[in-house]
Amino acid sequence: MGALLSCGNQAGQDQKVQVSPGNSAAGNEQTEITGCSITNGRHASKIEYKNSRTNYTATYTLDVLVEDCMVKVIYFNNGGHLDDDHIVPAVISEDGHAFVAGENGKGYEVWVLK
């Protein structure tokens with residue numbers, strides 16, 4: 001079953017985004033489509049964070065969880081994390097890049113380090 005993300009819009013109402021969990025068959029298709037060669041598991045990554053509402057940007061080296069060639073979780077060094085309650089899992093391209101959309105105008109450009 002997929003998860004629902006809720007983001008406020010200008011009218012003050014929530015918009016729901018359906019997020020479907022990956023499966024191994026879908027992962028194989030993603031690998032064929034994107035050329036992703038990143039294995040499942042936790043990987044160090046360079047992440048460029050941007051908050052479009054405040055124009056704040058920062059660059060971090062953080063771990064991400066990859067499943068079926070998708071960034072599923074971003075881990076913070078303080079023990080916190082962002083999962084599908086706060087981000088939309090994103091497909092990784094063959095060069096190890098993914099754009100992960102977050103809530104409230106936040107975005108995370110991810111480069112999985114090999």
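Below, each value reflects all heavy atoms present in this structure, side chains not excepted, and no hydrogens, waters or symmetry copies.
With rounding to the nearest 0.5 Å, the separation of CG in N51 from CG in N104 is 8.0 Å. Between the CG atom of D63 and the OG atom of S45 there is a distance of 7.0 Å, given to the nearest 0.5 Å. Here SG of C36 is found 5.0 Å from CD1 of I38. Values are rounded to the nearest 0.5 Å. In this structure, the separation between NZ on K106 and OH on Y49 is 4.5 Å, given to the nearest 0.5 Å.
Remark: H43 pairs with no residue by the side chain to side chain donor-acceptor pair (under 3.5 Å) rule, at least two apart or across chains. For K46, the salt bridge (charged side-chain N to carboxylate O under 4.0 Å, His left out) test picks out E48, with sequence neighbours left out. In this view, F99 and A101, E109 satisfy the side chain to side chain contact (heavy atoms under 4.5 Å, CB included) rule, not counting sequence neighbours.
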For L65 and H81, what are the C-alpha separation, side-chain angles and deciding distance, and is it a side-chain contact (heavy atoms from CB on, under 4.5 Å)? CA-CA 10 Å; L65 177 64; H81 68 277; over 6 Å; no
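Considering all non-hydrogen atoms of both residues, K72 and P89 come closest at CD-CB, 3.8 Å. Summarising the geometry of V91 relative to A98, their closest heavy-atom pair is O-CB, 3.4 Å, with the distance given to 0.1 Å.
Considering only heavy atoms from C-beta on, L82 stays 4.5 Å or farther from V73 through its side chain. Between R42 and Y75 there is a side-chain heavy-atom pair separated by less than 4.5 Å. The shortest distance between side-chain heavy atoms of I74 and Y108 falls below 4.5 Å.
Hydrophobic cluster membership differs between I92 and L113, with clusters built from Ile, Leu, Val, Met, Phe, Trp and Tyr side chains linked at under 4.5 angstrom. A continuous path of hydrophobic side-chain contacts links Y60 to V112 [ILVMFWY only; heavy atoms under 4.5 Å]. Under a hydrophobic-cluster definition in which Ile, Leu, Val, Met, Phe, Trp and Tyr are linked whenever side-chain heavy atoms come within less than 4.5 Å, directly or via other members, W111 and V64 are assigned to different clusters.
Checking side-chain atoms of N78 against main-chain N and O of G80 turns up a donor-acceptor pair under 3.5 Å.
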